[in-house]
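Structure first, commentary second.
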Amino acid sequence: MIRISNVKFHPKDVPEDFRTYVEELTGFKNILFFRIAKKSIDARKKENITVQYVFDVILGDDENQAVAECPYKDVAVMAPQEQYQQLSWRPTKALRPVIIGTGPAGMMAGLALARAGANPILIERGKTVSKRRKDVKLFWETGELNENSNVQFGEGGAGAFSDGKLTTGIKKDCWTQRVLEEFVWAGAPEEILYLGKPHIGTDNLSYMVGNLRRKILNLGGEYRFETRLIDLILKDGRLIGVKVVNAEGEIEEIAVDSVILAIGHSARDTFEMLYNKGLQMIQKPFSIGARIEHPQRFINKSQYGVVKPRRILGAADYKLAVHMENGRSLYTFCMCPGGTVVAAASEAGRLVTNGMSEYARNKTNANSALLVDVTPADFGSDHPLAGVEFQRRIEARGGIA
Ligand SMILES: Cc1cc2nc3c(=O)[nH]c(=O)nc-3n(C[C@H](O)[C@H](O)[C@H](O)COP(=O)(O)OP(=O)(O)OC[C@H]3O[C@@H](n4cnc5c(N)ncnc54)[C@H](O)[C@@H]3O)c2cc1C
């Protein structure tokens, strides 16, 4: 495969037919396979904004020779890529693996294990995504919170109401690529495979989550909704079962030898149970902050120099960071162009906000989290769960004073 890098266009000159453009640019005649490998926008200079592309091709001819003869110099034959290896599951294992939580982590674990023939059981305290949407709507309209079915809890986890910005600090490898491919299969826009800043949109996520569930079920997995993990059963220091309770209050013990706790970062009652059970836990630093909102046209003007950018550029985003004299860092995070600020509590009487945007990113305002880092020194106790209490105090006050 040959990679053709650093192909730049002015936003008004982006061609409709990239393949023909690349044929002319490189002189490659016998292209058997063609794809956009990456698209990004360079808006560092407002007077010279460019849309940048990387393309991959496979030729029917000798690729080394074609590269040597190519008039365009940013071309190279690629080294073979690492391939995603399907998980293997020892068929001798009698017990089915159990996954607690059906957020992005739980769904991907479920998919990998179901594919491997392990028939996983997925346990979720909240409801299916469609029932959950009704509870979230009620909360947003009336403030009435269901503590097991909300913006954090339910099928799809916090991911179902997320913005679907596919941010990762991990380098783009075959695992990341695999997750993106699963998302596209489930209905995400195909462009997430190559965009520099891929975005799915809250509106697309609900049906994607349902499609992923149907795939896991077809592959032999099982879902149990409105069922909460309440205890681990240990014998001689080894896990032999989990205790769960369903919506009717019926308690069930499931024998296990493998459990994945994909419970996210809001299941405070479950963290407490795990701590009391003797699981080793340590304090860790994190960030706290508030949501800031600006008119999107203001961000567009500031980044692109125009209030209404060309369609190919989309609504502008931003990222800011400052290191302050007191040693703390202040930064923006999870910026949602053309999005909405949403109430996202999972405990009654507490204020939590987050941001999301639909695929079109066409709402009037942009929003972003404005965060500051906090460390265990701020928590006021060395108890492993002191960070949770620190969060609770701020949320109960209704924000940061
Ligand atoms: C509005 C919003 C916007 C966001 N936007 C983005 C974004 O654009 N990009 C991004 O990268 N991230 C975003 N995030 C964060 C992202 O959603 C989370 O980081 C991600 O969902 C974490 O995935 P997870 O699977 O680890 O946990 P979660 O998604 O939190 O899922 C955990 C699941 O476990 C279940 N659970 C917990 N305890 C139990 C129990 N005891 N028994 C049974 N089930 C249990 C919960 O109900 C939940 O469904 C956003 C979050 C929100 C709320």
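Here the structure is a predicted model, which means the values were calculated and not measured. Start at 1 and go down the list; that is how both ligands and their atoms are numbered.
With a 4.0 Å heavy-atom cut-off, ligand 1 is reached by the side chain of N354 but not by its N, CA, C or O. Looking at A262 against ligand 1, only its backbone comes within 4.0 Å, counting heavy atoms.
Defined by atom type and a distance below 3.5 Å, a donor-acceptor pair is missing between the side-chain atoms of E358 and N362.
For ligand 1, the atoms closer than 4.0 angstrom to any heavy atom of A105 are 25 (O), 26 (O). If you number the atoms of ligand 1 from 1 as listed, the ones under 4.0 Å from a heavy atom of F153 come out as 46 (C), 47 (O). Near G159, the atoms of ligand 1 lying under 4.0 angstrom from a non-hydrogen atom of the residue are 17 (O), 21 (O), 29 (O). Counting the atoms of ligand 1 from 1 in the order shown, those under 4.0 Å from a heavy atom of G355 are 1 (C), 2 (C), 3 (C). When each atom of ligand 1 is checked for a heavy atom of I100 under 4.0 Å away, the hits are 40 (C), 42 (N), 43 (C), 44 (N). Remark: ligand 1 atoms within the under-4.0 Å shell around heavy atoms of G164 are 8 (O).
Proximity of the aromatic rings of F286 and H265 is defined here by a centroid distance below 6.0 angstrom, and this criterion is not met.
Considering both main-chain and side-chain atoms, R228 never comes within under 3.5 Å of ligand 1 through any nitrogen or oxygen pair.
At least one heavy atom of H265 sits less than 4.0 Å from an atom of ligand 1.
Screening Y194, Y53, F34 against F18 for a ring-ring contact (aromatic ring centres under 6.0 Å, His included) leaves a single residue, Y53.
Among G264, S266, S162, the residue whose heavy atom lies nearest to atom 27 (O) of ligand 1 is G264.
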